[in-house]
**Student:** 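Okay, here's the structure, questions in a sec.
Computed from heavy atoms alone, side chains included, the values below leave out hydrogens, waters and symmetry copies. By convention in this document, chain letters (A, B, ...) are assigned in the order of the sequence lines, proteins followed by strands, and residues within each chain are numbered from 1.
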Amino acid sequence: MIYCEAMQSNQKQAAEPDVYPDMDEVPFDLPPAPTGAAAPAAPRVGSISARAMGLRSSQPYLDGLNPEQRAAVEALDGPVLVLAGAGTGKTRVLTTRLAHIVAQGRASGHQILAVTFTNKAAREMKHRIGALVGGSVEAMPWLGTFHSIGVKILRRHAELVGLKSGFTILDTDDQIRLMKQVIEAEGLDKDRWPARQLASLIDGWKNRGLTPAKVPAGEAFGFAAGKGVKLYTAYQTRLKELNACDFGDLLLENLRLFQENPDVLADYHRRFRYILVDEYQDTNVAQYLWLRLLAQGCPNVCCVGDDDQSIYGWRGAEVDNILRFDEDFKGATVIRLERNYRSTGHILATASGLIAHNKGRLGKTLFTDGQDGEKVLVSGVWDDEEEARSIADDIERAQKGGHRLNEIAILVRASFQMRAFEDRFITLGMPYRVIGGPRFYERQEIKDAIAYLEVTANPANDLKFERIINVPKRGIGDTSVKRVHELGRARGVPMYQAAQMMVETEELTGKARKALTDLLRSFGRWRGQIDTMKHTELAELILDESGYTASWQADKSPQAQSRLENLKELVRFMHEFDTLQGFLEHVSLVMDTAQGDDGERVSIMTLHAAKGLEYDTVFLPGWEEGLFPSQRTMDESGQEGLEEERRLAYVGVTRAKKLAKISFTQNRRIRGLFQSAMPSRFVDELPEAHVEVAEVKSPFGGAYKNFGGGNFGNPYGQSRFDTKPASAFASTYDTPGWQRAQRHQASGAPAARAPITIDATPAASSSEPSSYDVGDRVFHQKFGAGRVTGVDGNKLTIDFERAGRKRVVDSFVARR
DNA sequence: GTTCGCTCACTTTTT
DNA sequence: GTGAGCGAAC
């Protein structure tokens with residue numbers, strides 16, 4: 001490839017002194033390399049000769065790496081692909097490599113471009129580098145997400161792509177609102193052509209690096225009878241008018257910037273001597289193109305990833321990027337990290353056996369020196385309720401055996417599966433947390449609050465102004481909003497300004513006019529206090545005076561209380577910033593807050609959210625055909641989709657350190673209706689030698705196998721797991737789990753060895769008399785207000801005003 | 001302009 | 001079964 005030649009010719013340049021030093025960016029806080037990295041004549045630290053001379057002890061950060069990890073850290077010249085299997089110490093390699101580059105004097109922190117996908121990953125990397133080099137990480141200004149680095153570059157050169165440096169970044173809500181306007185302006189029926197659909201279409205194009213002009217003709221007809229591209233163009237025009245960007249633009253405009261301004265690109269070529277990319281399997285086409293442009297000036301590209309963990313194809317990730325790496329980057333060194341430090345032998349073998357069914361992969365074989373551990377358990381249950389009951393029982397027993405709840409996770413394919421577990425845990429009083437779910441900044445109340453702050457600081461932000469002009473309800477309805485909108489567009493001024501003009505006239509009727517006047521006056525007052533008042537106090541003032549806080553206080557829904565809590569949390573979080581502006585800049589890009597860990601809880605999350613995490617014990621429920629693998633994925637993406645689902649299964653299994661339990665139901669309630677389910681094809685793809693089939697332990701257990709005689713009515717008749725003689729009287733005591741538990745007890749094995757000790761003791765409910773009585777008024781976090789109608793030990797029967805009758809452990813409610 | 005009630009849809013999700 | 005979003009009625 002052409003740019004590879006360019007890379008070669010630039011290679012020499014990278015070793016020369018930096019002709020464009022960034023005087024404002026201090027170098028890493030590392031002790032100088034002992035041999036003097038500036039003197040090329042001396043053996044380089046870490047080089048073969050240096051190591052032979054016994055100089056390796058000067059690099060303590062290399063100690064403890066295995067040979068492959070070390071190779072990945074030390075392969076500094078030319079393109080490198082590190083295929084890092086699950087649990088093989090990927091982050092350690094990445095951070096050590098960064099430290100190594102700096103320690104070697106190959107480049108200083110600000111000459112390294114290091115990109116991650118999420119803010120969490122970026123934060124983690126900064127943190128770990130800091131720990132490694134014992135200094136500040138301020139010196140790595142180009143470590144961040146694709147988007148944050150994209151913004152940084154774009155702000156410097158905004159004018160070159162038709163923006164002003166202070167451009168705003170639209171969130172999804174703003175995006176949809178704007179698209180709605182574009183659709184309506186085009187005279188289209190907004191019901192027939194929903195803005196959401198257009199948004200995902202345009203997002204898809206942007207992910208693939210396609211500007212309106214480049215969208216293939218065939219695809220343009222998919223939306224609104226061929227108007228898709230026209231709407232895309234109109235949307236882009238509106239964005240420019242608003243001096244705004246959506247997330248996709250951050251990269252797309254970078255591409256345009258680099259392609260149309262070779263001098264700008266060349267500047268970055270001179271700047272970056274090393275490029276590092278984390279989670280390369282998740283890159284989309286736009287990100288790939290962006291990297292390729294930057295890599296033209298820098299042969300030292302190191303991409304780290306795992307093709308087997310590519311699970312984001314549906315949002316534009318191209319597994320092909322990683323599969324094709326050595327074609328794209330000729331002469332690339334490929335290093336495989338296959339030594340797994342996380343899971344036991346059986347778990348690893350199960351995961352490997354499963355993923356081996358995929359065709360499109362580079363191929364890796366994970367191994368461990370650790371123990372075989374427990375086999376992966378597989379069980380079938382009657383329905384989702386029983387599945388939840390059985391898993392909850394297992395967890396209760398584990399908890400009694402001293403297993404930490406923080407080391408237990410339930411990983412589901414789809415979020416609707418979570419409900420059964422939540423219900424069960426609430427009933428049992430089992431503490432749990434849901435990971436993922438709506439993020440802090442995606443919550444309605446947080447977005448509203450931020451919209452207020454944004455309009456205060458920047459009245460020209462139309463989309464935010466529109467969001468809160470009638471929130472809380474103040475009598476400014478759609479008609480009035482529309483008029484403001486039209487006037488603004490007609491005069492070419494922001495809505496805020498249009499609103500100011502409008503209240504001077506008679507155009508609006510009494511109520512609306514007064515409300516709008518008051519609102520504008522309030523904003524004016526708040527704006528006047530930006531410089532004089534502490535930004536956190538101002539935020540509180542705004543939320544109070546706008547009536548926003550009061551509107552939630554008046555709301556009787558069970559969530560209102562937690563929304564108020566969230567608002568307080570937002571203000572608390574603002575303390576971390578010096579100014580309102582600084583805070584707003586941060587939130588437009590970083591959509592998460594590090595949330596504190598509060599005690600021992602079972603984690604429930606989707607398989608997608610589980611990537612990168614690990615737990616001693618992992619439950620994998622819902623392995624049913626249609627649910628997992630998802631029917632929809634298979635319909636939409638065929639074989640590719642199936643393989644992605646299988647990778648998802650692989651990710652799930654490899655999260656477990658000591659024990660993994662897979663289950664599937666025979667009947668699943670979907671949309672309120674029970675449907676009989678087939679076990680997932682993945683179940684039968686598991687390598688038999690490493691799994692153990694548990695009999696169903698429940699009132700239905702064992703019995704259903706004899707329904708109708710033979711295999712009739714037994715959906716698992718074809719399964720090779722169905723080898724044990726089915727007994728109509730099979731009891732818990734026959735299960736392998738029980739027998740194993742007996743063995744463990746007999747051998748006196750410590751509880752830690754068997755994360756979950758299965759015994760036959762039913763989960764005892766406390767017989768402590770409850771302090772609640774029938775008739776008490778109580779409040780529950782999830783169900784809201786209710787009245788106690790029955791007391792049984794510590795379990796209460798409560799009629800909730802909204803949620804109906806539930807049985808709940810008393811510690812989960814509060815007296816009113 | 002607000003509220004109620006009906007209909008629809010319903011995988012995964014970061015920035 | 002449930003929540004969101006929209007249209008019609010108040």
Side-chain angles (χ1 to χ4, degrees), chain A residues 115-122 144-151 169-172 174-176 180 190-191 194-197 200 203 206-207 245-252 279 282-284 286-287 310-317 384 411-420 423 435-439 441-442 444 470 472-482 508-512 515 557 559 586-592 605-612 622 626-637 641 644-645 647-648 651-652 669-674 802-804:
Chain A
V115 266
T116 64
F117 262 84
T118 62
N119 291 298
K120 195 175 150 207
T145 62
F146 277 99
H147 296 269
S148 65
I149 290 170
V151 177
I169 299 158
L170 265 50
D171 63 22
T172 322
D174 298 337
Q175 214 179 336
I176 300 283
K180 240 181 219 157
K190 66 175 163 42
D191 296 326
R196 292 191 171 280
Q197 203 181 318
S200 67
D203 255 6
K206 289 188 174 178
N207 283 339
C245 258
D246 65 19
F247 281 115
D249 283 338
L250 296 179
L251 278 160
L252 211 54
E279 304 279 16
D282 288 338
T283 48
N284 62 33
Q287 287 155 341
S310 165
I311 54 175
Y312 286 110
W314 50 272
R315 64 174 196 216
D384 46 355
L411 312 183
V412 296
R413 176 62 182 86
S415 49
F416 69 78
Q417 292 172 261
M418 292 180 182
R419 167 173 277 138
D423 280 352
I435 294 182
R439 248 148 286 286
Y441 286 107
E442 269 162 38
Q444 183 192 340
N470 197 30
K473 298 212 180 336
R474 50 171 68 90
I476 307 170
D478 287 351
T479 349
S480 309
V481 176
K482 210 168 188 173
L508 288 179
T509 47
K511 197 180 164 195
S557 72
Q559 300 96 333
H586 176 82
V587 291
S588 65
L589 205 56
V590 180
M591 297 301 271
D592 67 350
M605 70 195 89
T606 63
L607 287 159
H608 285 92
K611 198 169 81 159
L627 173 61
F628 189 40
S630 146
Q631 192 57 50
R632 190 151 157 189
T633 301
M634 290 189 293
D635 290 347
E636 283 170 8
S637 318
E644 181 154 313
E645 293 285 304
R647 292 192 289 266
L648 207 44
V651 167
R669 209 185 332 206
I670 296 169
R671 289 169 216 168
L673 291 170
F674 273 108
R802 284 159 173 271

**Student:** In whole angstrom, give the distance that lies between atom NE2 of A:H608 and atom C1' of B:dT13.
**Tutor:**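 Rounding to the nearest Å, NE2 of A:H608 and C1' of B:dT13 are 8 Å apart.
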**Student:** Kindly compute the distance separating CZ (A:R669) from CG (A:D384), expressed to the nearest 0.5 Å.
**Tutor:**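 Reported value, rounded in 0.5 Å steps: 6.0 Å.
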**Student:** Indicate whether OP1 or OP2 belonging to B:dT12 is found under 4.0 Å from a side-chain N or O atom of A:S630.
**Tutor:** no
**Student:** Please report the distance, rounded to the nearest Å, between CG in A:L607 and C1' in B:dT12.
**Tutor:**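 In whole Å, B:dT12 C1' lies 9 Å from A:L607 CG.
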**Student:** Taking only the side-chain nitrogens and oxygens of A:S480, find out if one of them lies under 4.0 Å from OP1 or OP2 of B:dG1.
**Tutor:** yes
**Student:** Using atom CH2 of A:W314 as one end and atom P of B:dT15 as the other, report the distance to the nearest whole Å.
**Tutor:** 12 Å
**Student:** Let's see if you can work this out: which of C:dG3, B:dT14, C:dC6 has an atom nearest to the side-chain heavy atoms of A:T118?
**Tutor:**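 The nucleotide sitting nearest to the side chain is B:dT14.
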**Student:** I need the CZ-C1' distance between A:F416 and C:dG1, as an integer number of Å.
**Tutor:** 12 Å
**Student:** Can a side chain N or O of A:T479 be found less than 4.0 Å away from OP1 or OP2 on B:dG1?
**Tutor:** yes
**Student:** Return the set of residues passing side-chain hydrogen bond (donor to acceptor under 3.5 Å, both in side chains) with A:T283 (not counting sequence neighbours), or none when no residue passes.
**Tutor:**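 Applying side-chain hydrogen bond (donor to acceptor under 3.5 Å, both in side chains) to A:T283 gives A:N321.
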**Student:** Which whole-number value in Å describes the distance from A:R315 CZ to B:dT12 P?
**Tutor:** 13 Å
**Student:** How long is the straight-line distance from CZ of A:F146 back to CD of A:Q287, given to the nearest 0.5 Å?
**Tutor:** 4.5 Å
**Student:** Identify whether any heavy atom of A:Q631 sits under 4.0 Å from a base atom; if not, whether one sits that close to sugar-phosphate; answer base, sugar-phosphate or nothing.
**Tutor:** nothing
**Student:** Looking at B:dT12, I'd like to know if its phosphate oxygens (OP1 or OP2) sit under 4.0 Å from a side-chain N or O belonging to A:S415.
**Tutor:**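 Indeed, a polar side-chain atom of A:S415 lies that close.
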**Student:** So A:E279, base contact, sugar-phosphate only, or nothing? Heavy-atom distance under 4.0 Å.
**Tutor:**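 It contacts nothing in the nucleic acid.
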**Student:** Would you give the length of the straight line joining atom CG of A:D203 to atom CZ of A:R315, rounded to the nearest 0.5 angstrom?
**Tutor:**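 A:D203 atom CG to A:R315 atom CZ measures 11.0 Å (nearest 0.5 Å).
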**Student:** Taking CZ from A:R196 and C1' from C:dA4, how many angstroms apart are they, rounded to a whole number?
**Tutor:** 9 Å
**Student:** Assign each of A:A609 and A:A512 to its nearest nucleotide of DNA chain B by heavy atoms, then name whichever residue's nucleotide is nearer the 5' end.
**Tutor:** A:A512
**Student:** Between protein and nucleic acid, restricted to nucleotides 7-10 of chain C and to nitrogen or oxygen atoms under 3.5 Å apart, what atom pairs and distances do you find?
**Tutor:**
{"residue": "C:dG7", "atom": "OP1", "partner": "A:D191", "partner atom": "OD2", "Å": "2.9"}

**Student:** Report the distance from atom CD of A:E636 to atom CD of A:Q631, rounding to the nearest 0.5 Å.
**Tutor:** 10.5 Å
**Student:** Look for any protein N or O under 3.5 Å of an N or O in nucleotides 2-9 of chain B and output each such pair with its distance, or none.
**Tutor:**
{"residue": "B:dT2", "atom": "OP1", "partner": "A:G475", "partner atom": "N", "Å": "3.1"}
{"residue": "B:dT2", "atom": "OP2", "partner": "A:N470", "partner atom": "ND2", "Å": "3.4"}

**Student:** Suppose we screen for side-chain contact (heavy atoms from CB on, under 4.5 Å). Which residues come up paired with A:S630, at least two apart in sequence or across chains?
**Tutor:**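 Result, side-chain contact (heavy atoms from CB on, under 4.5 Å) vs A:S630: A:R413, A:R632, A:T633, A:E645.
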**Student:** Tell me which of A:D203 and A:E636 sits closer to the 5' end of DNA chain B, going by the nucleotide each one is nearest to.
**Tutor:** A:E636
**Student:** Drop me the distance from A:R196's CZ to A:K180's NZ, to the nearest 0.5 angstrom.
**Tutor:**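 With rounding to 0.5 Å, CZ (A:R196) is 7.5 Å from NZ (A:K180).
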**Student:** Could I get the full list of side-chain contact (heavy atoms from CB on, under 4.5 Å) partners for A:F416, not counting sequence neighbours?
**Tutor:** A:A414, A:L627
**Student:** Consider the side chain of A:H147, meaning its heavy atoms from C-beta on, and name the nucleotide among B:dT15, B:dT13, C:dT2 that approaches it most closely.
**Tutor:**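 Of the options given, the side chain of A:H147 lies nearest B:dT15.
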**Student:** A:D249: what forms a side-chain contact (heavy atoms from CB on, under 4.5 Å) with it, not counting sequence neighbours?
**Tutor:** A:K206, A:Q236, A:L239, A:C245, A:D246, A:L252, A:E253
**Student:** From the set C:dC6, C:dT2, B:dT15, return the single nucleotide nearest to any side-chain atom of A:K180.
**Tutor:** C:dC6
**Student:** Does the side-chain ring of A:F247 lie flat on the base of B:dT14, meaning centres under 5.5 Å and planes less than 30 degrees apart?
**Tutor:** no
**Student:** Would you sort out whether A:L607 and A:V651 count as a side chain to side chain contact (heavy atoms under 4.5 Å, CB included), showing the intermediate values?
**Tutor:** CA-CA 7 Å; A:L607 287 159; A:V651 167; 5.7 Å; no
**Student:** Starting the side chain at C-beta, find the nucleotide from B:dT15, B:dT13, B:dT12 nearest to A:Y312.
**Tutor:**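 For the A:Y312 side chain, the nearest candidate turns out to be B:dT13.
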**Student:** Would you give the length of the straight line joining atom CD of A:Q417 to atom CG of A:L411, rounded to the nearest 0.5 angstrom?
**Tutor:**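 The CG atom of A:L411 is 10.5 Å from CD of A:Q417, to the nearest 0.5 Å.
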**Student:** Any N or O donor-acceptor pair under 3.5 Å from the base of B:dT12 to the side chain of A:R413?
**Tutor:**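 Result: at least one qualifying N/O pair found.
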**Student:** CG of A:L673 versus P of C:dT2: gap in Å, rounded?
**Tutor:** 13 Å
**Student:** From B:dT15, B:dT12, C:dT2, pick the nucleotide closest to the side chain of A:R419?
**Tutor:**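 From the listed options, C:dT2 comes nearest.
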**Student:** A:I311 has an atom CD1; how far is it from atom P of B:dT14, in whole Å?
**Tutor:** 11 Å
